[in-house]
Amino acid sequence: MNRIILKKASAGYMSFRRNFSLSNSLLKSYNSRKELRDAKKIVVKLGSAVITREDQSGIALGRLASIVEQVSELQNSGKQVLMVTSGAVALGRQKVSKELIYKSLKETNGNFCQNIEKSALDKKACAATGQNGLMSLYSSLFSQYGIETAQVLVTKADFQSEHTLKHLQSTLNYLMEAKIVPILNTNDAIGYPPELTQDIDGSLNINDNDSLSAHLATMVKSDLLLLMSDVNGVYNCPPDYPGSRLMETLCPAEDRSLLNFGEKSNVGTGGMESKITAAEYALKNDCSVIICNGKQQNAIVDCINGKKVGTFFTNEPIPSIVSVENLALSARNGGRILQTLPADKRSTIIRDYSQLLLANSRQIYEANMLDIELAKKNNLSQVLQSRLLLNEKKLITLADGMQQIAANTNILGKVLKSVQLADELILKQVTVPIGVLLVIFESRPDSLPQICSLSIASGNGLLLKGGSEALNTNRVLHQLVQDALEQYVPRETISLLNTREEINDLLQLDSKYIDLIIPRGSNELVQNIQKNSKSIPVLGHAEGICHVFVDKDCDPETALKVVKDAKCDYPSACNAMETLLIHRDLVNTQLFQSIVDLFKMENVKLYAGPNLQKYTTELPPAKKLNHEYSDLELTIEVADDVHSAVEHINRFGSNHTESVITRNDQVAEYFLKHVDSACVFLNTSTRMADGYRFGLGAEVGISTGRLHARGPVGVEGLLTTKWLINGNAHTASDFSTGKKKFLHKILN
C-alpha cells in the first residue's frame, strides 16, 4: 500500500471519527488534578524505556511487576484500564541474540559472526519473536491479582477502515466491561516504514504507541490517558539544558509556543514532540492527559490520587497560580536586597512589624478565634488548642522578643578571621546569610513573627508554611510582615505557602532555590521532611524527650520547684520534661512522695519505669522509655546513681534538653560533661531551653544535630561565611616559583 492509497483510505476513518466525536461531545476533560480521582476509564501507555532494561535487551521485571500491581489496584477498585505497551522488540532482541550467538558458534565461516549484531537489531524479527513472551509475562503477573488479560495487535491499516474500527471499538468495550485488561501494541512485525506513516490532512496517524494510545483513549471514551516514558514530564526545553524546568500544568493553546524539543527516546520510536501531539489530540477529544516518568515509584496511583506527578494537560489556562519555583526565586532576590541594607534599616523593619502586631491586635485575635472555633469543631486535642491560642500575654511577649532581635542586627559582614597571607595580600572570613530558608511549623502562630524577625535580621529570604489549623491567624500575621517589608524590599521576600502540595513540590527542588529547611513540630513532621527532601539539608530535632535527674544530694525545695515547672508550665512544648529520673536512695522517702503528690494535684498522669515497678505497684507501667507525651503525662524511673542516669538519658533521650538537681559538685560536673544533648542544665528547668530566654530574642527552631547549629537556633544560627581576599596582582605562580613568600600572619 502506498501513500496515495493510505490517503484515500483515511477518508472513511475521518468520517467515522467525526461521528464518534459527536457521540462523545458530552464528555469533558478534567481541569484540575484533584478531579482525576473520579476517572473511571484509564488508558496507560508504557514506553519502551519504562519496561526495558538499561541495555535495551530484556524486560525490567521489577519495574513491570510494580506497574502491574498498580494497574491491578485500579482495576480491582472498579475502574477500567486499557494498556498500550512497548517491550516486544526488546524481549525479542534478547531471544534472537541468544539464538544467533548459539548458531554462530556452530558456524565455521566467520562471516556470519560479523552479521550477528545487524540481524539481532532487525526490529520486525525481534517484534515477532518477543510479542508472545511479553504477553505471557503480562498474563502471569496479572494472574497474581485475579485479573485476566487480552492481547490485541493493530496496524495502521486497521485505522483506515470504518468497518474495522467499529469492530475494534466493540471488542475493547466488551473486554473492559468484562473486567478484562486489554493490552494493545502496534504489530511491528508487519508495520509500515516511517516514510509511509506521516500525518495526513491534519489528522493524527498511527506512527507510534503514543499516537495509538491517543486514538484508543478517544475510541473507548477514556477519562484519562497516562503517557509514561523515561522523563519526568514536559520541560520548557530539554532537561539537560540550562534553565530547563518541569511544567506541572500545560495548556496547549497557551504554552505550545514556549516549548523547545530535544531528541527522542533512545529506546522507543516517539520523542517528546510526538507525545505532546498525541496528548493534544486526546485532550481535544475530551480525554485528560498526564505525561510522566513510568520509572517513578507508584506513578500511576499517585496520578489518580491527584498528586503532582509529571505534566497535566488542561484546556483551561491557570495564570493566577504562582509556581513554587518562582516563590523561591522571589525570596532569593528579595533576600539579596535585604542583606545589603544597613543594620539599622533591618532593625527598623522588625520594630515596625512589632508595632503593627500591637496596633492590629484586635484583627489578630479575631482571626485566632476563628481558628480556635474550627479546632474545637474538628475535635483537635487540648494540647493543639493551647498551642494555637494567641492571646494578649503571648502577643506582648512576642513583641518584646522582636525588640531584642531588632537590637542585634549588626551581624552581617562581621569579620571572624583576618590573615595577612603575604605582603599586600589580606584574607578575611566574614558572616553572610545562608540564603533562602524554608521553615515549616505546626499549630503555634506566634512562631511566624519570631521566624520572620530572625530572617530579616540575618538577611535571609524566607518561605513559610504553618499548620492548616492556624490558617486565618497566619494570614493576618504574614500580611503585616509584608507591610513592614515593602518600604525597603519586595513583599515577596517573605512568602506564606498555603497547601501541603506546595511543600511536596519545594522538597523536590535543589539549592538553586532553597538553602535550608527548618521543620518545627512533631516527630512525624520532622521525619517526613527529612525523608522527602531531595537534596536540601534539613535542620531540626525529631523529638523532645527531655529528662530531669533528681540526685540524692539535691535540695528538696529546688527539686519540687524545678520538676513542677519542667512538666506543668507548658506540657506541650518540646522542652517539657517527659521522664523524671529519681536516685534510688530517694524512693520511699518524703521527697519522693511529695513529688508524686505534687503531680497528682496538677492532674499529671504518672507511669512507672521498669526499675520503679520494683518499688511500687501503684503506678501503671510505662509502655516505653522514649515516649514524648506532649501532655500532662510523665514517666518516672529509678537510677542507681549519676552514671546510670547519664546512661539512661543517652540511650533513651533525643539529645534535646536534660537537667540534674544536685548540690554535689562532682555529680554536677559528671552530668554536665557526659550527657550528650544540645542543652544540659544544673538545678534549672528544661523549659529554660528557649531562644527568648537565652537572650536570642527568639528561635527559628531547636537543633539536636551536630552540624552547623545546635540547641535554640537564633539569628547567628542563620548565618554562614564567605572568604574575601584583597590583593595586588597576586598569582599562585608567584609563590610556587619563589618570587613571593607566604606570611600567614593572624591580624585578629
Side-chain angles (χ1 to χ4, degrees), residues 543-569 571 575-654 656-677 679-688:
E543 294 177 296
I545 303 173
C546 302
H547 299 75
V548 174
F549 171 51
V550 179
D551 183 48
K552 66 177 181 178
D553 295 326
C554 71
D555 173 62
E557 185 177 345
T558 299
L560 289 168
K561 182 178 180 181
V562 168
V563 298
K564 177 182 178 181
D565 183 84
K567 180 73 257 186
C568 305
D569 177 66
N575 57 10
M577 175 180 63
E578 302 292 9
T579 298
L580 173 63
L581 297 174
I582 297 285
H583 193 287
R584 67 179 179 183
D585 291 353
L586 294 179
V587 180
N588 296 326
T589 65
Q590 182 59 46
L591 175 58
F592 177 78
Q593 189 59 49
S594 296
I595 291 174
V596 172
D597 292 343
L598 180 154
F599 284 132
K600 287 182 177 179
M601 289 183 61
E602 296 293 333
N603 296 316
V604 178
K605 189 171 183 179
L606 302 177
Y607 303 92
N611 292 335
L612 181 59
Q613 292 174 42
K614 300 174 184 177
Y615 294 88
T616 179
T617 58
E618 294 183 6
L619 302 179
K623 293 181 179 180
K624 57 181 182 178
L625 294 175
N626 58 344
H627 187 70
E628 183 178 16
Y629 296 104
S630 298
D631 205 345
L632 286 173
E633 297 179 79
L634 178 69
T635 295
I636 301 180
E637 179 60 319
V638 173
D640 290 341
D641 51 28
V642 67
H643 298 86
S644 64
V646 169
E647 182 181 351
H648 177 102
I649 291 170
N650 288 340
R651 179 181 178 186
F652 296 107
S654 60
H656 194 295
T657 302
E658 329 297 342
S659 183
V660 59
I661 312 301
T662 185
R663 290 180 293 194
N664 187 312
D665 292 340
Q666 291 182 336
V667 169
E669 182 180 0
Y670 184 88
F671 188 92
L672 296 175
K673 184 177 181 179
H674 289 86
V675 168
D676 185 18
S677 294
C679 301
V680 187
F681 300 158
L682 170 63
N683 296 325
T684 306
S685 168
T686 57
R687 288 282 293 125
M688 290 298 293

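Side chains included, hydrogens not; waters and symmetry mates left out as well; all remaining heavy atoms used.
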Say you draw a straight line from [atom1] of [X] to [atom2] of [Y]; how long is it, rounded to the nearest 0.5 Å?
X      : Y      : atom1 : atom2 : result
Leu581 : Asp640 : CG    : CG    : 11.0 Å
Asn588 : Tyr615 : CG    : OH    : 8.0 Å
Asp585 : Asp641 : CG    : CG    : 9.5 Å
Glu628 : Ser654 : CD    : OG    : 7.0 Å
Lys564 : Ile595 : NZ    : CD1   : 13.0 Å
Thr635 : His547 : OG1   : NE2   : 8.5 Å

Does any part of the side chain of [Y], heavy atoms only, come nearer than 4.5 Å to the side chain of [X], both counted from C-beta?
X      : Y      : result
His648 : Leu625 : yes
Phe652 : Thr579 : no
Leu560 : Ser594 : yes
Leu634 : Pro571 : no
Leu591 : Cys554 : yes

I need the minimum non-hydrogen distance between [X] and [Y], along with the two atoms involved.
X      : Y      : answer
Pro621 : Gln613 : CB-NE2, 3.3 Å
Val642 : Phe549 : CA-CE2, 3.8 Å
Ser630 : Glu578 : N-OE2, 3.1 Å

Requested in this report: Under the ring-ring contact (aromatic ring centres under 6.0 Å, His included) rule, collect the residues that match up with His627, sequence neighbours excluded.
Outcome: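 For His627 the ring-ring contact (aromatic ring centres under 6.0 Å, His included) partners, ignoring immediate neighbours, are Tyr629.
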
Are the side chain of [X] and the backbone of [Y] linked by a donor-acceptor contact shorter than 3.5 Å?
X      : Y      : value
Glu637 : Leu612 : yes
Lys673 : Ala668 : no
Asp676 : Asn650 : no
Asn626 : Gly653 : no
Thr684 : Leu682 : yes

Query raised in the report: Which pairs count as side-chain hydrogen bond (donor to acceptor under 3.5 Å, both in side chains) when at least one residue sits in residues 597-609, sequence neighbours excluded?
Result: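 For residues 597-609, and leaving out neighbouring residues, the side-chain hydrogen bond (donor to acceptor under 3.5 Å, both in side chains) pairs sorted by first residue read Gln593-Asp597, Tyr607-Glu633.
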
Report task. Would you sort out whether Ile649 and Phe671 count as a side-chain contact (heavy atoms from CB on, under 4.5 Å), showing the intermediate values? Result -> CA-CA 10 Å; Ile649 291 170; Phe671 188 92; 3.6 Å; yes

Query raised in the report: Listed by chain and number, what are the side-chain contact (heavy atoms from CB on, under 4.5 Å) partners of Val548, not counting sequence neighbours?
Result: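 By the side-chain contact (heavy atoms from CB on, under 4.5 Å) rule, Val548 matches Val550, Val563, Ala566, Met577, Leu580, Ser659, Ile661, Thr686.
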
Query raised in the report: Can we say Asp565 and Arg687 salt-bridge, meaning some charged N sits less than 4.0 Å from an Asp/Glu carboxylate O?
Result: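 Not counted as a salt bridge, because no side-chain N and carboxylate O are separated by less than 4.0 Å.
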
